[in-house]
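Protein chains get the first letters and strands the later ones, always in sequence-line order, with residue 1 at the start of each.
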Amino acid sequence: MAVITIDHAAEFVGDEVTVNGWLYNKRSSGKILFLEFRDGTGVIQGVLARADNPELFARADRLPRETSLTVTGRLRADRRAPGGCELDVERIEVIQEPTEPFPIELKEHTPNFLLDHRHLWIRTGRQVPILRVRDAVFRAVRGFFYERGFVATEAPILTGTSVEGTTTLFPVDYFGEQAYLSQSGQLYLEATAMALGKVYWIGPAFRAEKSKTRKHLTEFWMAEAEMAFYDHGANLALQEDLVRYVVTAVVDERSRELEQLKRDTAVLVEEVRTTFPRVSYADAIAILQDAGHDIQYGDDFGAPHEAALGDHFGKPVFIERFPANMKPFYMKRAHDDPSVVLAADLIAPEGYGEIIGGSQRVDTLEDLERQLAEYNLPAEPYKWYLDLRRYGAVPHAGFGMGMARLIAWICGVSHIRETIPFPRQINRLYP
RNA sequence: UCCGCGGUAGCUCAAUUGGUAGAGCGCUCGGCUGUUAACCGAAUGGUUGGAGGUUCGAGUCCUCCCCGCGGAGCCA
């Protein structure tokens, strides 16, 4: 007899199988009992008739939700069952039976209640498929970089300096010295790229901004890449390939989960099928003004502007050539117009906003020193970073991709807090 | 930090002009042979976020505070 996982149940129709899992829900009709089991890979309905086994029926009828158990039975194809097959239950071994009702009911709850019970919420409903998609997205990103010859590396989490100087950092006491949690691994990846050529990592980033939107967490995961000998154009081409690769791979691998999430994958596939437009910041401003938005050259895009640009193109769109004063000190200026930088944000469609920010980096010591001065940044903490331009500097570029926003877009969920097991937000450090 | 909305039973929400605090769900008990958040019946369940004030009387009105949600700013 096979011990199986529920996602492979259809392959064992006709067999007697065992599933290790939990009782998700049950419905009783007096002489027939429907038991929904979950095991992390999916949910399957078990059926038990009182006439077949009165002792087991009475015992199972009393089990509360989230009882951990091992269930054995014969799999049968049945179109009435969710998932296409169901289990004729023959034996149940209870591992642990809760003595209190499971707090998460299978009905509406407020976000606050659910977040307070996040450790239990993740067992239910949409949360399991979302987290399974998250796994697939991480794996697809790693697969893409591996196939392209990138070396997986790491950047430190504990840092002595800010990367960009502007964003608020989480301070940490480091043996009496002031340290911070990293807000980005970029400067370190620039150093690593000079050692290994093309590098990437997926790591956490921390921002102490008091953001309260559906697109922000204080702790979030970024996929960052840095490539020696890449210019701005090659950088964008790589980002486009990455996004198309990940979406395509995840739609293929996690079609069942995306269906459970009621995500229209045909829309998703179409959005990444053709070339992503590249629009200058100046042209994007003009598009927004034509659409009636009150925005001027030099203004940052707000959420409504990003959504409008996404709607305008109906697919991911690069906004490039931003005014230099809107962006950090390390970005390279355009050869034909020093007032703009060779940077681009990738805006996702359907209102999901910016999912990638990247740029070609300053590659001469002279320019870097000048731009540090222009931003009123002290040279001392950046001494090692300046060294990268002192010893064999080359043109190079890179980007950071917000994993949660990417996952939210792929899943079609409106708030990125559902895309990470334990979201950290302002006022939320537990569980 | 700013703007808006909210806090009533374990959960989700009602409560007219200020006049006896209620329903559904959950848990428990009973019924029901194809249920899909099953359904039907019964029972259980309250310091109305906190402090102060107005009033014969406050869930309701006033002041302050706490907490949450949505958005803005900032960013990925």
(message) Looking at A/Val272, is its backbone amide N or carbonyl O close enough to the side chain of A/Arg244 to form a donor-acceptor pair, meaning the two atoms are under 3.5 Å apart?
(response) yes
(message) For A/Tyr230, is there any backbone N or O sitting under 3.5 Å from a side-chain donor or acceptor partner on A/His396?
(response) no
(message) On RNA chain B, compare the nucleotides closest to A/Ala49 and A/Gly400; which residue's is nearer the 5' end?
(response) A/Ala49
(message) Return whichever of A/Gly302 or A/Arg417 has its heavy-atom-nearest nucleotide of RNA chain B closer to the 5' end.
(response) A/Arg417
How far does the [atom1] atom of [N] sit from the matching atom of [M], given to the nearest Å?
N: B/C66; M: B/G59; atom1: P; result: 24 Å
N: B/U28; M: B/G10; atom1: C1'; result: 14 Å
N: B/U20; M: B/U48; atom1: C1'; result: 15 Å
N: B/A58; M: B/A43; atom1: P; result: 31 Å
N: B/U12; M: B/C69; atom1: C1'; result: 15 Å

Regarding [X], tell me which of base, sugar-phosphate or nothing describes its non-hydrogen contacts under 4.0 Å with the strands shown.
X: A/Glu36; answer: nothing
X: A/Met222; answer: sugar-phosphate
X: A/Pro98; answer: nothing
X: A/Glu86; answer: base
X: A/His117; answer: nothing
X: A/Ala303; answer: sugar-phosphate
X: A/Arg214; answer: sugar-phosphate
X: A/Phe113; answer: sugar-phosphate
X: A/Leu33; answer: nothing
X: A/Asp78; answer: base
X: A/Thr110; answer: sugar-phosphate

(message) Any donor-acceptor pair, under 3.5 Å, between the side chain of A/His109 and the base of B/C11, if you only look at N and O atoms?
(response) no
(message) Between B/C32 and A/Arg27, counting only base atoms on the nucleotide and side-chain atoms on the residue, is there a donor-acceptor pair under 3.5 Å?
(response) no
(request) Apply ring-ring contact (aromatic ring centres under 6.0 Å, His included) to the pair A/Tyr200 and A/Phe144, showing each step before the final yes or no. (result) CA-CA 11 Å; A/Tyr200 82 97; A/Phe144 173 83; 9.3 Å; no
What's touching nucleotides 24-28 of chain B from the protein side, N or O pairs under 3.5 Å?
unit_1	atom_1	unit_2	atom_2	d
B/G24	N2	A/Lys107	NZ	2.6
B/C25	O2'	A/Glu105	OE1	3.1
B/G26	O4'	A/Glu105	OE1	3.4

(message) With a 6.0 Å cut-off on the ring centroids, do A/Phe329 and A/Tyr382 count as close?
(response) yes
(request) Decide if the gap between the ring center of A/His8 and the ring center of A/Phe12 is smaller than 6.0 angstrom. (result) no
(request) Check whether NZ of the Lys or CZ of the Arg A/Arg321 lies under 6.0 Å from the centre of the six-membered ring of A/Tyr281 and within 45 degrees of that ring's axis. (result) no
(request) Report yes if the ring of A/Phe34 lies under 5.5 Å from the six-membered base ring of B/G34 with planes under 30°, and no otherwise. (result) no
So which atom in [X] and which in [Y] form the shortest heavy-atom distance, rounded to 0.1 Å?
X: A/Ile6; Y: A/Thr41; answer: N-OG1, 3.1 Å
X: A/Phe301; Y: A/Ala284; answer: CZ-CB, 3.9 Å
X: A/Ala191; Y: A/Trp384; answer: CB-CZ3, 4.0 Å

(request) Report the secondary structure of RNA chain B in dot-bracket form, marking unpaired bases with a dot and bases paired to a different strand with |, and treating Watson-Crick or G-U pairs with both distances under 3.5 Å as paired. (result) (((((((..((((.....[..))))..((((.......))))......(((((..]....))))))))))))....
(message) Applying salt bridge (Lys or Arg N to Asp or Glu O under 4.0 Å), can you list everything that pairs with A/Glu306, at least two apart in sequence or on another chain?
(response) none
(request) State whether A/His415 places a side-chain N or O below 4.0 Å from either non-bridging phosphate oxygen (OP1 or OP2) of B/G70. (result) yes
(request) Scan A/Met331, A/Arg333, A/Lys332 and name whichever one has a side-chain contact (heavy atoms from CB on, under 4.5 Å) with A/Gln371. (result) A/Arg333
